[in-house]
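Below: one structure, written as structure tokens.
Predicted model only: the values in this text are computed from it and were never measured. One-based numbering along the sequence shown.
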Amino acid sequence: QVRLVESGGGLVQAGGSLRLSCAASGSIFRVDAMGWYRRAPGKQRELVATITSGGSTNYGDSVKGRFTISRDNAKNTVYLQMNSLKPEDTAVYYCNAEVYRQNGAYTSDWGQGTQVTVSS
């Protein structure tokens with residue numbers, strides 16, 4: 001089994017900052033790309049940011065210049081620094097990891113989600 005545990009969500013005022021963390025654990029041989037997605041009420045899930053094991057990053061247009069994704073490969077952990085938060089950033093944020101498991105399987109695994117609420 002592979003488990004992704006997110007932390008760092010909460011309530012913040014517009015213009016504020018939050019930092020999300022997501023740690024992958026379990027029967028992992030290697031973690032490839034990791035990323036963050038979000039789903040706002042009544043909307044579809046959207047890409048926030050992804051990062052490869054080599055450090056290449058990709059961001060959704062709505063967060064470019066405000067959010068920064070990073071990772072610690074030794075800890076199989078990905079971070080999302082969110083600055084200049086806006087009310088429209090309010091959503092449940094989900095961590096995703098592309099995992100090569102010890103049994104040889106290659107899976108896309110998800111965390112349980114963490115709520116981020118930005119008040120105006």
Completion exercise
side-chain hydrogen bond (donor to acceptor under 3.5 Å, both in side chains) filter on Lys43, not counting sequence neighbours, yields none

Exercise for the section: Kindly work out whether a path of hydrophobic side-chain contacts (I/L/V/M/F/W/Y, heavy atoms less than 4.5 Å apart) joins Val118 to Val63. Expected result: yes

Exercise for the section: Give a yes or no on whether the backbone of Gly113 and the side-chain of Glu6 come within a donor-acceptor separation of less than 3.5 Å. Expected result: yes

Exercise for the section: Indicate, with yes or no, if Leu80 and Val116 share a hydrophobic cluster defined by side-chain heavy-atom contacts under 4.5 Å among Ile, Leu, Val, Met, Phe, Trp and Tyr. Expected result: yes

Practice task
Would you name the heavy atoms of Val78 and Cys95 that are closest together and state the gap between them?
Solution key: CG1-SG, 3.8 Å

Exercise for the section: Could you tell me whether the side chain of Thr90 reaches within less than 4.5 Å of the side chain of Gln115, counting heavy atoms only? Expected result: yes

List the atom pairs, donor and acceptor, that lie under 3.5 Å between side-chain atoms in residues 30-39 and the rest of the protein, sequence neighbours left out.
residue: Arg30; atom: NE; partner: Asp32; partner atom: OD1; Å: 2.7
residue: Arg30; atom: NH2; partner: Asp32; partner atom: OD2; Å: 3.2
residue: Asp32; atom: OD2; partner: Tyr106; partner atom: OH; Å: 2.7
residue: Arg38; atom: NE; partner: Glu46; partner atom: OE2; Å: 2.6
residue: Arg38; atom: NH1; partner: Asp89; partner atom: OD1; Å: 2.9
residue: Arg38; atom: NH1; partner: Tyr93; partner atom: OH; Å: 2.9
residue: Arg38; atom: NH2; partner: Glu46; partner atom: OE2; Å: 3.0
residue: Arg38; atom: NH2; partner: Ser62; partner atom: OG; Å: 3.1

Practice task
Verify the cluster assignment for Ile69 and Leu85: are they in a single hydrophobic cluster under the rule of side-chain heavy atoms below 4.5 Å apart?
Solution key: yes

Problem - Exam field: side chain Asn96 to backbone Asp109, donor-acceptor pair closer than 3.5 Å - result: yes

Practice task
May I ask you to list the residues sharing a hydrophobic cluster with Tyr79, side-chain cutoff 4.5 Å, ordered by chain and number?
Solution key: none

Exercise for the section: Write out all pairs satisfying ring-ring contact (aromatic ring centres under 6.0 Å, His included) with one or both partners inside residues 45-75, taking only residues at least two apart or from two chains. Expected result: none

Let me have the donor-acceptor pairs involving side chains of residues 7-28, under 3.5 Å, with sequence neighbours excluded, atom names and distances please.
residue: Ser17; atom: OG; partner: Asn83; partner atom: OD1; Å: 2.9
residue: Ser27; atom: OG; partner: Gln1; partner atom: N; Å: 3.2
residue: Ser27; atom: OG; partner: Gln1; partner atom: O; Å: 3.3

Would you give me the side-chain donor-acceptor pairs under 3.5 Å for residues 50-58, sequence neighbours excluded?
residue: Thr52; atom: OG1; partner: Gly54; partner atom: N; Å: 3.3
residue: Thr52; atom: OG1; partner: Gly55; partner atom: N; Å: 3.3
residue: Thr52; atom: OG1; partner: Ser56; partner atom: N; Å: 3.0

